[in-house]
Amino acid sequence: MTAASQTPAAPARSAPKRWPTSLVLGIALLAPLLVVAVAGPWLAPYPYDEMNIMSRLQPPGPDFWFGTDEYGRDVFSRTLVGTTNSLVMGVAATAISLLVGVPLGLVAGYGRGRTDEIIMRCMDVLMSFPPILLGILVLAVTPPALWKAVVAIGIVYVPQVVRLTRAITLELMQEEFITAARLRGESTAYILFHEILPNIWPPLAVESSLRVVFAILLGAALSFIGMGAQPPSSDWGLMISEARPFVEQAPWIALCPGLAMGITVIGINLLGDGLRAVLDPRNTGGH
Amino acid sequence: MLLYTLTRLAYLAMVLVVMSILVFLVTQAMPGDVASMIAGQFASKEVIDAITVKLGLDQPLIVQYGRWAAGILQGDLGRSLVLEQPVAPILMEALSRSLVLAVVALAVVTVIGIGAGVLAAVRRGRMADQMVSGVSYLGIAVPDFFWAIVLVLIFGSYLKWLPTGGYAPLADGFVPWASHLVLPVVTLVLMLIARIARLTRSSMIDVLQTNYVKYARAKGLPEKVVIVRHALRNALLPTITVLAIDFGLILGGVVVIETVFSFPGMGRLLLFAIQRHDLPLIQATILIISTAYCLANLAADLLYAFVNPKIRHGMGNA
Amino acid sequence: QAAGTLKVAVDSNLNTLDPAKMKGGQEYVAAYLLFNGLTAIAADMTLKPDLAERWEHSADLKTWTFFLKKGVKFHSGREMDAEDVLATITRIQDKATGSTARVNFEIVESMKAVDSHTVEFTLKSPYSGFAELFGERQARIVPRDALDTLASNPVGTGPFQFVSFAPGDRMVVKRNPTYFEAGLPKLDEVVIRILPETASQVAALTTGELDLAWNLPPEAVDKVKATSNLKAEAVPTSTWDGVIMNGTTKPFDDVRVRRAVATALDKQAITQIALFGYGTPTHSPIPPSHPYFNKDLPIAKGDPAAAKKMLAEAGYPNGFEVTLYTPAGRATRERLGLAVRELLKPAGITVNVQRVPFDVFLKDIEGKAGFYIDGFFSRPTIDTSVYPWYHSRGSWNAALWNYANPAMDKLLDGARQASSEEEAKKLYGEVQALAVQDAPGVIPYVINHVNGVSARVQGFTSHPMMFLDLRNVSVGQ
Amino acid sequence: MTALVPLSAAASPDPTPTPASATAVSALLEVRNLTINYASPRGTLRAASDVSFAIRPGEVMGLVGESGSGKSTVAMAILDLLGEAGRIDGGEILFEGTDLRRLSAAHRRRLRGDRIAAVFQDPFTSLNPALTVGRQIAEPLVQHKGFTPRQAAPRVEELLAEVGIREPRRIAQSYPHQLSGGMQQRVLIATALGCDPKLLILDEPTTALDVTVEARIIELLAGLCESHHLSALFVSHNLGIVNRICNSVCVLYGSEVVETGRTRDVLARPVHPYTKGLVAALPRITTDRRHRLSSIPGTVSKLSGASESCVFAPRCPFAEETCRRLPQALRGDAAGNSVRCWKAEALAGTPWPEESTASRPQAAPPARTAPLVQVEALRKVFGERRSILPWLRRDGTVAVDDVSFTIQRGEVLGVVGESGSGKSTIGRSLLALIEPTAGTVLFDGADFVKQAKEGDRDLRRRAQLVFQNSAASLNPRKTVGAAMERPLVLAGRQGEAERREMIAALLTRVGLPAAYADRYPHELSGGERQRVNIARALATDPEFVVCDEAVSALDVSVQANILNLLADLRDELGLSYLFITHDIAVVSHIADRVLVVYGGTICEEGPIGRVLRPPYHPYTEALLSAVPRLSGAEDGPEPERILLEDSTAPPGGGGCAFRGRCPRKLGAICDERAPPVQTAADGHRIACHIPLAELAERASVFPELAALH
Ligand SMILES: Nc1ncnc2c1ncn2[C@@H]1O[C@H](COP(=O)(O)OP(=O)(O)OP(=O)(O)O)[C@@H](O)[C@H]1O
Ligand SMILES: Nc1ncnc2c1ncn2[C@@H]1O[C@H](COP(=O)(O)OP(=O)(O)OP(=O)(O)O)[C@@H](O)[C@H]1O
Ligand SMILES: [Mg+2]
Ligand SMILES: [Mg+2]
């Protein structure tokens with residue numbers, strides 16, 4: 001008898017009574033950010049692009065909580081408004097990766113054989129470029145703009161999503177409930193969308209939360225080298241880039257968006273770790 | 001193993017061919033053109049046309065690609081249009097500098113990252129673990145360029161200990177050479193260490209829960225032996241892969257860090273080429289970067305296979 | 001004799017070392033270290049002999065003869081002669097070379113070597129400023145037998161000779177022992193390092209890793225000034241940035257609209273924003289430091305209410321929306337663009353700033369778009385600085401803003417033949433007034449050229465043409 | 001039975017010396033009142049409560065109980081390997097008289113691997129994949145005996161030879177993945193023996209192995225314990241094996257010891273109701289196959305602390321009001337047996353209640369008309385790759401080779417064979433889940449594979465599958481109801497109310513409350529999940545069901561439950577089964593006919609009654625003799641065991657698939673020619689070169705069978 005050796009790794013467990021600390025912390029960090037992302041322009045004490053030459057490069061003080069930049073714009077307001085940019089960039093880019101990657105991964109994993117081969121080889125070619133290089137390459141084709149950066153980042157991370165989706169699909173294909181579905185004579189579409197897809201979400205959700213982080217960081221890097229968000233918009237990467245010549249005189253211009261970014265990324269990471277703990281008890285550590 | 005390597009190499013060649021076509025097409029699709037770039041502000045149309053013809057940019061794409069690819073196969077990476085020099089030496093110089101960066105950074109990451117990861121895994125849930133997690137969160141949370149700026153501010157501007165940009169060849173002496181590397185390496189490493197530590201930690205935790213580690217303990221082996229001989233060896237497998245890939249990434253140029261530290265490596269070369277619309281330079285740079293990246297990936301796979309006896313001894317007939 | 005190595009930082013890569021093809025300021029730095037022209041523009045903006053000992057022109061200003069110095073040797077050791085001059089100019093004239101100086105020499109009908117050290121040019125039309133053209137940056141005399149390798153191994157007659165160049169990193173030059181000016185240069189070696197980050201440059205200056213930072217961006221000047229062992233060597237230039245309004249595109253075909261834009265812009269404020277005050281508001285490319293500058297004309301203070309009224313008259317009571325293009329990576333011009341956006345807002349003009357990569361800017365924006373930021377380096381003379389932009393047949397004008405006013409043409413043509421300084425000054429004064437009134441574009445300021453210099457460096461002054469003249473420089477302790 | 005006295009009193013504040021502690025002098029290991037808790041995110045979980053037992057020198061004690069009863073926990077506690085979550089909250093572990101818990105961690109570590117050695121369940125995961133086997137065996141020697149690795153080498157070879165490995169030198173240099181499961185387990189045993197330990201902790205050392213391999217390992221262990229005068233704690237859930245190797249046994253239920261004593265006494269005459277149920281629920285080859293198995297109703301309830309009642313009371317058929325009020329204490333008798341039930345004496349003679357067979361309609365004997373399933377020359381090769389490039393060419397594994405058989409309506413065809421013999425492949429080919437490389441499968445006269453490929457849903461509906469892994473076969477994201485609804489939708493049941501009714505009916509049919517429709521799979525126990533699987537298979541109203549190891553993953557009592565259910569369904573609905581299992585006892589209980597497969601080929605086929613009796617195919621004979629059993633007086637004397645070598649070379653090429661391990665191999669003919677199929681009688685066929693008559697001469701492995709069938 002093989003009772004003990006065959007214990008299945010159940011993908012789902014009942015919701016635990018206690019949430020993991022990381023999840024709680026992550027939500028605690030992200031909730032205010034989300035509020036800011038939605039209500040940033042209303043919360044900001046000044047319009048993010050209002051220049052005031054008389055008060056340029058002001059240190060933090062009662063008028064300007066985080067000081068002003070070289071145009072006399074309020075750094076706090078810009079940082080607040082930048083939240084929307086960053087989060088939207090991260091989430092939208094990830095959404096694009098998922099939108100493109102998940103179907104491809106499903107088809108590759110389910111179809112196997114030739115289809116799989118073709119899709120995966122295309123992904124290999126995409127993956128043979130380092131991510132930022134791919135981003136630059138995609139962006140170099142058109143004049144820079146934020147939405148293009150979002151699309152580029154989305155494309156950059158498609159292969160990872162495809163790989164993950166495919167791997168999970170392949171794994172699920174071995175599962176007996178898929179066999180059971182085939183045995184019933186279910187159509188491919190039904191199996192893909194009703195049997196496999198629901199089981200892909202949990203690991204994908206964990207992965208996506210990390211992807212959002214990567215997307216935010218890559219987006220910031222692209223903006224930093226001038227290929228993402230364009231002035232005068234208030235993107236964090238762009239703000240840090242613009243602040244470079246002034247770091248000595250006015251370090252707050254760079255520190256403020258840097259801190260905001262740190263909080264966001266840590267928050268999402270914690271959320272991801274927490275999600276992993278909740279959704280995917282098999283995994284232990286965070287990577 | 002040999003067969004496996006050969007197959008992988010052939011496969012790599014295939015990917016590179018497809019990639020080269022892709023690179024060629026993408027670069028062609030870039031807006032602006034090199035002729036007007038060379039001609040400069042307000043050059044007349046005839047001038048631009050003359051330059052276009054001179055550079056052979058008027059020929060059909062296939063012809064241009066064919067010429068380019070044939071050149072590469074003969075070891076000729078082309079001539080930079082802007083710098084009016086052969087691309088190869090420029091590339092090699094940038095690559096050699098990136099290589100220095102990559103090697104030094106990787107050495108630091110390997111030692112510190114793996115050490116921290118193991119420490120965190122072994123002391124899971126305790127102070128050391130929390131600290132490693134905390135510090136590694138800092139490393140991944142804030143983009144590298146932010147750290148770069150902070151480091152420049154602290155070590156360059158306030159403390160004035162270290163040069164904040166540029167590169168000194170080893171010929172200038174060891175100290176200038178090394179001191180120019182410190183800040184870029186530290187910046188790079190901050191993020192990488194965080195990743196490697198987290199990865200090592202999680203795979204170490206996985207391995208520590210395996211039966212063979214439990215069995216090693218059941219043999220009465222001291223914890224140190226259990227961790228080093230039994231756990232670490234297996235836990236390092238994924239880490240090795242990631243390290244090799246990181247090596248490829250750094251080799252291919254860390255655009256942002258190179259920009260902040262004015263480090264004349266592959267990344268800045270590429271950015272420069274793109275800004276100047278220097279097609280041959282763009283193409284060659286991307287090709288080299290991607291090749292380096294792919295080779296590092298391949299090395300990762302081979303290393304993985306080599307370290308893993310299951311693959312090492314099972315490859316021949318697979 | 002104090003000597004040593006001078007370490008200079010420039011902010012961007014030198015794309016070419018071939019003077020005919022140079023386009024950027026940092027390349028001209030190399031041009032003046034390695035090469036000479038027939039004439040040179042001195043720090044006081046007067047024309048001085050360089051490789052030419054002297055020159056003469058016919059009464060009709062159509063035949064020009066240059067007498068070359070004897071015994072001037074290229075770094076290769078060969079003596080420079082008339083054939084080299086002919087080869088240099090022929091090459092610049094060749095379209096395939098793509099030299100920006102080509103248009104300058106379109107005026108040349110023929111040229112010949114009278115003897116080994118005498119060159120004669122015949123012009124298509126009379127031109128009094130012809131000798132100044134040889135002080136231009138691209139018109140460096142190069143050896144006719146080393147034309148193809150200039151980009152990678154430049155050979156000239158200059159005070160320094162080429163040692164090595166690592167693109168993106170550094171260029172090294174050493175003293176030319178056979179330089180024709182006796183006792184010069186003083187330095188043994190110059191290392192030009194490419195350090196795009198201002199912060200790095202300033203930090204390196206403070207630590208002594210650098211001796212000189214060429215053309216500091218305005219935002220860094222204060223920091224340099226505040227550091228005890230550093231000096232900021234500033235000099236006004238006639239280099240300017242401008243807001244270009246293309247007269248062939250709507251809504252800028254209406255002079256009232258252009259005037260409204262000009263009225264709304266506060267030049268003083270713009271100078272503060274874009275240059276941190278390291279520049280001077282002006283009306284036209286004529287710098288306020290020049291005697292021809294029209295002091296009676298008020299500098300625009302920015303009057304959005306008046307601008308709004310003008311717009312209403314022009315049929316835009318609610319203003320309009322327009323895209324303003326700025327070239328990416330040119331910090332002052334980017335700031336200028338954002339300042340314009342901000343200052344036009346109260347006047348009801350909504351400006352969307354669009355940053356484009358420089359090559360795209362050159363190809364698709366400059367001369368084609370309706371509204372953008374552009375900028376130009378100093379020209380050697382007032383005529384060359386003004387005529388091409390404002391005369392209806394002017395080369396830049398045709399490509400830039402298509403401005404045509406017969407009154408302006410008359411003024412400019414008159415100024416060219418002005419018999420006295422007084423007359424020229426009066427005419428150029430009127431040119432400036434007209435330029436402001438018709439506002440083909442808004443030229444808010446001329447820029448100061450600032451070099452950050454370590455206290456150890458002796459004998460250095462900043463050149464108003466932004467050249468890096470290191471002949472008399474030495475490095476002390 | 002003598003009077004029972006309280007053995008230990010968890011509640012008692014003053015620990016007066018008990019009879020058990022009186023034996024402490026002679027006991028090698030004594031566990032007293034051990035209480036272990038696991039801290040989990042969902043609160044503390046009591047994994048051992050008040051566990052006491054003693055092992056004397058030379059004694060092998062079996063620790064049995066169903067999954068989750070705390071067996072491994074106790075074993076790990078002795079080894080001090082509980083991990084961070086587990087905490088000993090009370091009790092003592094005395095080894096040679098000293099309480100291990102009082103020793104320093106370093107001291108305990110020094111004992112481990114030296115005086116107390118262990119062998120774990122899964123040999124493959126217990127060996128480090130990155131180190132050679134020899135190095136791993138040498139480690140305790142180096143650690144505890146001060147050997148240098150070089151000095152250890154000859155000793156390692158010696159040890160390997162001792163556990164029956166033929167080429168010790170070569171094996172010592174191999175990596176674990178290069179060895180078969182049996183060899184790996186031998187390596188672990190060799191490792192454990194290295195330092196001449198006093199006590200072996202064996203945690204299910206054979207569970208992951210095939211029956212034949214298991215038999216050999218058990219023999220080996222039994223021999224070693226005897227020759228080395230070893231004591232052992234043998235953790236297992238297999239009563240048969242415990243019976244074979246253990247002198248005494250300790251039965252755990254719900255983290256408590258419910259009964260302990262000499263194996264012979266406990267298994268033959270269980271006193272505690274749970275033990276009675278456990279023994280009764282075991283399917284046996286020797287019982288009447290139409291007999292219903294006894295089962296224990298209900299499921300184990302998880303405990304989180306000391307209970308106020310008997311832990312078994314909710315499932316106990318003898319329970320009365322007192323049981324639910326009274327916490328139970330372990331009471332021992334003079335013979336050293338003890339039990340945790342206050343009614344023990346009263347129940348001594350009462351057997352576990354039999355399940356009534358009355359409700360069961362007498363099954364009609366399988367009709368001998370047109371067969372429902374007809375398999376002809378089935379062959380399946382996996383992973384074969386043809387290519388013009390020689391190095392890309394791959395031969396592939398022959399999983400099934402030339403297999404033919406038929407299944408009648410209402411018939412249960414059992415398939416037995418060891419792991420990898422191709423059982424699942426046969427089953428899946430029948431259902432067109434795998435496309436056969438060659439051969440045909442006719443279902444009710446129609447070519448199943450072809451029809452299925454063309455999307456014939458009706459045919460699909462008529463043939464279903466019940467899986468081994470009850471959890472993996474249900475989509476974790478769907479409720480039971482949703483899972484069962486799909487087949488109905490596909491069958492064209494439009495009305496939602498109608499479907500809900502049918503689902504309720506189906507659930508009731510398999511003995512589950514209709515309310516379970518709203519549950520998610522993870523909210524069910526293993527047995528309940530398997531019922532849902534069966535219900536889902538039934539939803540399509542099938543005629544034929546493939547049961548692939550459908551009960552293998554279940555505890556004995558649950559297994560009995562499911563087997564009964566399957567039998568009922570067959571009888572009531574006239575279903576046919578292909579019943580795949582590696583447990584010949586299970587097959588003998590439910591099947592009408594059996595296929596014995598080895599290496600993808602059929603070596604013996606026939607009605608179950610025939611196959612269990614000579615003439616045997618040599619493999620069948622070995623298989624049967626390897627079956628561990630609860631020998632008691634009624635089972636008669638144990639016959640001699642036929643032990644097979646570990647499988648070496650993979651089968652393939654010409655000749656008999658079994659030739660590599662066959663103890664009766666004739667010679668070259670076995671290597672060269674495929675064995676002829678000889679028909680004995682009544683559809684009993686054997687594929688062997690040995691003449692039938694000679695095969696028939698062997699003694700019956702189960703002489704007692706003669707009386708039955
Ligand atoms: N590390 C752990 N953390 C929390 N609970 C655990 C842990 N290990 C075991 N348990 C729980 O303790 C109880 C006893 O587990 P144990 O492994 O001792 O049972 P077992 O009798 O060996 O079962 P099996 O036959 O399945 O091996 C189970 O309910 C199990 O879920
Ligand atoms: N999908 C597959 N690809 C390659 N080989 C396979 C595949 N499925 C099974 N095999 C191989 O075919 C042989 C028979 O496998 P099968 O699963 O039918 O055995 P089994 O008797 O059911 O074993 P078990 O008792 O372990 O379930 C084995 O050697 C196995 O490794
Ligand atoms: Mg267990
Ligand atoms: Mg199977």
Side-chain angles (χ1 to χ4, degrees), chain B residues 1-11 121-126 129 203 205-238 240 303-318, chain D residues 72 75-76 78-85 105-133 135-144 174-178 188 191-192 194-195 197 201 203 383 389-392 394-395:
Chain B
M1 189 78 191
L2 182 69
L3 214 59
Y4 176 69
T5 313
L6 286 178
T7 320
R8 287 296 312 261
L9 275 175
Y11 178 63
V122 172
R123 301 237 181 288
R124 190 180 179 191
R126 285 186 252 157
D129 184 19
S203 60
I205 284 175
D206 284 346
V207 171
L208 282 175
Q209 284 169 345
T210 58
N211 257 330
Y212 57 81
V213 165
K214 197 170 181 183
Y215 195 69
R217 293 200 174 115
K219 290 180 194 171
L221 300 182
E223 201 56 20
K224 218 165 55 199
V225 177
V226 171
I227 285 164
V228 173
R229 191 186 301 158
H230 286 269
L232 191 56
R233 236 184 142 94
N234 292 290
L236 282 188
L237 285 179
I240 286 173
L303 206 62
Y304 187 90
F306 185 75
V307 180
N308 193 341
K310 222 190 269 188
I311 304 183
R312 183 166 16 124
H313 293 282
M315 230 23 127
N317 46 15
Chain D
S72 302
M76 290 307 137
I78 296 166
L79 286 166
D80 190 27
L81 287 178
L82 273 178
E84 283 174 21
H107 199 146
R108 284 193 298 245
R109 178 174 66 66
R110 282 199 294 276
L111 283 176
R112 206 156 63 215
D114 185 15
R115 316 300 312 281
I116 307 176
V119 175
F120 291 163
Q121 168 174 348
D122 190 347
F124 183 64
T125 59
S126 298
L127 288 168
N128 189 331
L131 300 176
T132 59
V133 157
R135 182 143 183 226
Q136 299 188 55
I137 299 175
E139 272 180 333
L141 296 170
V142 173
Q143 188 60 42
H144 301 295
S174 320
Y175 285 92
H177 72 271
Q178 296 167 315
L188 278 190
T191 314
C195 295
I201 306 286
D203 190 357
L389 304 175
W391 64 84
L392 288 181
R394 236 192 267 164
D395 278 348

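Chain naming here is simple, since letters A, B, ... match the order of the sequence lines and numbering starts at 1 in each. Basis for what follows: all heavy atoms, side chains included, without hydrogens, waters or symmetry-related copies.
- At a 4.5 Å heavy-atom cutoff, the contact between D:E139 and chain B is made by backbone and side-chain atoms alike.
- Of the two parts of D:R108, neither the backbone nor the side chain holds a non-hydrogen atom closer than 4.5 Å to a non-hydrogen atom of chain B.
- Looking only at heavy-atom pairs under 4.5 Å with chain B, the residue among D:A117, D:G113, D:S126 that has the most is D:S126.
- The greatest number of non-hydrogen atom pairs below 4.5 Å with chain D, out of B:K219, B:E223, B:K214, B:R233, is found for B:K219.
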(request) In sequence, state the C-alpha distance, the side-chain angles, and the governing distance for D:L79 and D:I116, and then conclude on side chain to side chain contact (heavy atoms under 4.5 Å, CB included). (result) CA-CA 8 Å; D:L79 286 166; D:I116 307 176; 3.8 Å; yes
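- Counting only distance, with no hydrogens or angles, the side chain of D:R109 and the backbone of B:G220 share a donor-acceptor pair below 3.5 Å.
- Your options are D:T125, D:D80, D:V142, and the one with the most heavy-atom pairs under 4.5 Å with chain B is D:T125.
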(request) I would like to know whether B:R229 and B:K224 meet side chain to side chain contact (heavy atoms under 4.5 Å, CB included); could you show each step before the answer? (result) CA-CA 8 Å; B:R229 191 186 301 158; B:K224 218 165 55 199; over 6 Å; no
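- Judged purely by atom type and a 3.5 angstrom limit, D:Q178 uses its side chain to pair as donor or acceptor with the backbone of D:Y175.
- Looking at D:H144, its side chain does come within 3.5 Å of a backbone N or O of D:R112 through a donor-acceptor pair.
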(request) Using the side chain to side chain contact (heavy atoms under 4.5 Å, CB included) rule, take B:Y212 and B:N234 through it: C-alpha gap first, then chi angles, then the decisive distance, then the call. (result) CA-CA 11 Å; B:Y212 57 81; B:N234 292 290; 3.2 Å; yes
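- Of the atoms belonging to D:A192, heavy atoms from both backbone and side chain fall under 4.5 Å from chain B.
- Using a 4.5 Å cut-off on side-chain heavy atoms (C-beta onward), D:S174 and D:T132 make no contact.
- Using a 4.5 Å cut-off between heavy atoms, D:A118 touches chain B through backbone and side chain atoms alike.
- Both the backbone and the side chain of D:L81 come within contact range of chain B, judged by heavy atoms closer than 4.5 Å.
- Annotation: maximal heavy-atom pairing with chain B below 4.5 Å, among D:D114, D:L188, D:I201, occurs at D:L188.
- For D:L111, no part sits under 4.5 Å from any heavy atom of chain B, backbone or side chain.
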(request) Check step by step if side chain to side chain contact (heavy atoms under 4.5 Å, CB included) holds for B:Y215 and D:T191. (result) CA-CA 10 Å; B:Y215 195 69; D:T191 314; 3.9 Å; yes
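- Looking at B:R217, both its backbone and its side chain come within 4.5 Å of chain D, counting heavy atoms on both sides.
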